[in-house]
Amino acid sequence: MPESVATRLERHVIKPGLCIGCGACVACSRGGEMRYTDTGPVPSFPAGEQLPELAIEACPAYRLNYPDMYMVHYGRHPENWLTGIAQKVWTGYAADESIRRAGASGGVLTRVLIHLLETGRVDGVIAARQGVPTPAEARAVICHMTAEVLECAQSVYIPVSMLDILRQLEPGKRYAITCLPEQSAALRKLQAGGHPQANQIKYVVGPYTGTALYPAAIRAFLRSKGIGADDPITSLKWRAGEWPGYLEIKTGSGKVVRTKKVYYNFLIPFYVTHASLQSMDFANEFADLAVGDAWSPKLEAQGGGHSVIVTRTAEMEAIISEMHERMLLALQEEQPLKASEMHGHMLDFKKRGGYLRNRWRRKTGRAAPDYGYRPANVPTSRIFVEIVISGIFAVGRTGIARWIVSHIPERIIGPLFDNLRKGWKAASKPTKRKGLSDFRVVIGGEKA
Ligand SMILES: Cc1cc2nc3c(=O)[nH]c(=O)nc-3n(C[C@H](O)[C@H](O)[C@H](O)COP(=O)(O)OP(=O)(O)OC[C@H]3O[C@@H](n4cnc5c(N)ncnc54)[C@H](O)[C@@H]3O)c2cc1C
Ligand code: SF4
């Protein structure tokens with residue numbers, strides 16, 4: 001008797017620790033649910049439930065054939081495999097200062113979601129909200145009013161299951177959703193597979209996504225600030241204040257902890273999610289609208305918050321242009337290749353690093369997702385760089401390394417790590433950028 005879908009998901013995805021907690025399989029189930037654990041949301045199904053094949057076909061941690069999906073969704077492959085298909089690339093921000101300041105970079109995603117709602121293009125917006133059900137946690141919520149969308153502004157750097165909520169959509173209504181890259185891809189697969197609620201989603205928007213953290217990082221961070229587990233978290237913002245923002249945590253005893261985004265990056269080697277390492281999609285290639293931080297010295301010097309904005313469909317481009325004309329968004333058109341230079345480091349981390357990490361897992365007999373394509377050429381020097389990066393992650397993930405880092409005061413480890421990171425970035429930059437401007441792929445997955 002063939003293995004059930006739930007058993008295959010368990011064996012190939014959940015047990016090997018590859019599940020990214022997107023919730024696509026649960027969206028295909030009647031009795032399943034996402035359970036939140038220390039390593040993010042994980043699906044659970046009632047014994048004996050028969051899931052449709054679509055539940056595993058849409059699983060981004062199993063295999064999602066990006067070249068095939070490009071043909072199905074866009075009717076063509078991208079010219080630029082680093083950033084995907086683009087109608088136009090812009091930099092800019094929400095003209096309304098309060099929305100700009102509330103957002104993670106320029107408040108563009110929040111402004112667009114509000115516009116979609118206010119112009120009646122959608123009846124509801126599904127977004128991630130920090131603080132639900134407790135201040136340290138985050139969940140997907142359905143918003144019907146501007147104020148609710150505004151409350152979801154900001155990036156959430158711990159995993160949030162976005163797709164299981166599809167089962168709650170009201171028949172006949174249209175929605176927009178925010179998704180991380182693999183969630184957008186899984187959603188497109190559900191839509192192509194005829195999933196009825198997935199097809200109620202009219203617009204998929206989402207952030208560029210480099211790395212996310214396991215929830216345990218929050219307590220480790222507080223420990224490094226001398227705050228014990230008995231002091232409850234009453235509020236958490238990942239990117240409060242002036243762009244690029246700082247992590248702000250308030251606790252029951254009245255303590256307020258604020259740390260620059262660049263300083264709490266020290267948590268990444270110790271608590272980075274497996275999804276961040278296995279993904280080859282940085283620029284949210286299946287979102288209609290993808291938005292990242294506009295990391296350019298000129299814009300950073302201006303302050304205030306700037307985003308890089310990629311429209312992937314003619315319809316989304318028309319909406320963004322309309323918002324530009326109506327002065328809801330302040331925008332400047334950019335040359336796509338030049339704009340991608342802002343994210344060369346992360347594009348390399350995903351496109352070549354992700355490929356190498358998945359390939360090494362397979363070579364050592366461990367499961368890894370297959371995205372149906374591979375970089376045409378990875379220089380040997382880049383392989384050496386990856387050995388160092390993967391070595392750091394392998395050591396950082398151990399219990400002893402996590403214990404040590406949580407006992408070093410953040411005022412020491414934060415700046416120390418920031419300097420090490422900058423030094424390493426500068427030293428490895430020539431290798432990481434080598435061949436990136438001419439990045440080509442081979443379609444057909446890699447031969448392990
Ligand atoms: C985990 C993560 C990693 C990132 N890494 C990078 C990076 O390496 N480089 C880079 O340039 N940009 C990165 N970004 C994107 C960046 O932080 C901003 O989200 C992006 O610039 C959009 O800013 P904004 O002001 O337009 O968004 P906002 O106006 O603040 O709106 C953000 C919207 O996205 C939703 N959202 C936030 N987090 C999640 C989530 N986890 N899952 C689903 N929906 C969510 C919110 O609900 C909100 O509606 C990352 C974002 C995340 C969530
Ligand atoms: S579909 Fe998503 S939630 Fe389900 S097993 Fe795969 S990655 Fe995990």
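Read the numbers this way: they start at 1 and go in the same order the structure lists the ligands and their atoms.
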Colleague: Under 2.8 Å from atom 8 (Fe) of ligand 2 - does any N, O or S atom of C19 fall there?
Modeller: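 Yes, since at least one N, O or S atom of C19 sits under 2.8 Å from atom 8 (Fe) of ligand 2.
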Colleague: Near S105, which atoms of ligand 1 are under 4.0 Å from a heavy atom of that residue?
Modeller: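 Contacts of ligand 1 toward S105, numbered from 1: 20 (C), 21 (O), 22 (C), 23 (O), 24 (P), 25 (O).
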Colleague: Between M162 and ligand 1, find which residue part has any heavy-atom pair under 4.0 Å and reply side chain, backbone, both or neither.
Modeller: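 It is the side chain that gets close, since no backbone atom is under 4.0 Å.
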Colleague: With heavy atoms only and a cut-off of under 4.0 Å, state how V149 meets ligand 1: side chain, backbone, both or neither.
Modeller: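 Contact part for V149 vs ligand 1: neither.
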Colleague: Would you say C59 reaches atom 4 (Fe) of ligand 2 with an N/O/S atom under 2.8 Å?
Modeller: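 Given the 2.8 Å cut-off, C59 does not count as a ligand of atom 4 (Fe) of ligand 2.
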Colleague: Once you restrict to heavy atoms under 4.0 Å, what part of M34 touches ligand 2? Side chain, backbone, both or neither.
Modeller: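 For M34, the contact with ligand 2 is made by the side chain alone.
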Colleague: Considering only heavy atoms, which of G292, A94, C152, A127 lies nearest to atom 46 (C) of ligand 1?
Modeller: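 Heavy atom nearest to atom 46 (C) of ligand 1 belongs to C152.
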Colleague: For atom 17 (O) of ligand 1, which of P207, A290, S155, P159 has the closest heavy atom?
Modeller: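 Among P207, A290, S155, P159, the closest heavy atom to atom 17 (O) of ligand 1 belongs to S155.
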Colleague: Assess the pair H324 and W90: is the distance between their ring centroids shorter than 6.0 Å?
Modeller: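 Aromatic pair counts; centres sit under 6.0 Å.
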Colleague: Of the backbone atoms (N, CA, C, O) and the side-chain heavy atoms from C-beta on, which set of R239 has a member under 4.0 Å from an atom of ligand 1: side chain, backbone, both, or neither?
Modeller: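 Side chain only; the backbone of R239 stays clear of ligand 1.
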Colleague: Would R129 count as a polar contact of ligand 1, with the cut-off being nitrogen or oxygen pairs under 3.5 Å?
Modeller: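 Checking ligand 1 against R129, no N or O pair falls under 3.5 Å apart.
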Colleague: For ligand 1, note which part of M346 has a heavy atom under 4.0 Å away: side chain, backbone, both or neither.
Modeller: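 Only the side chain of M346 comes within reach of ligand 1.
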Colleague: Give the contacting part of H343 toward ligand 1: side chain, backbone, both or neither, where contact means a heavy-atom distance below 4.0 Å.
Modeller: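 For H343, only side-chain atoms sit under 4.0 Å from ligand 1.
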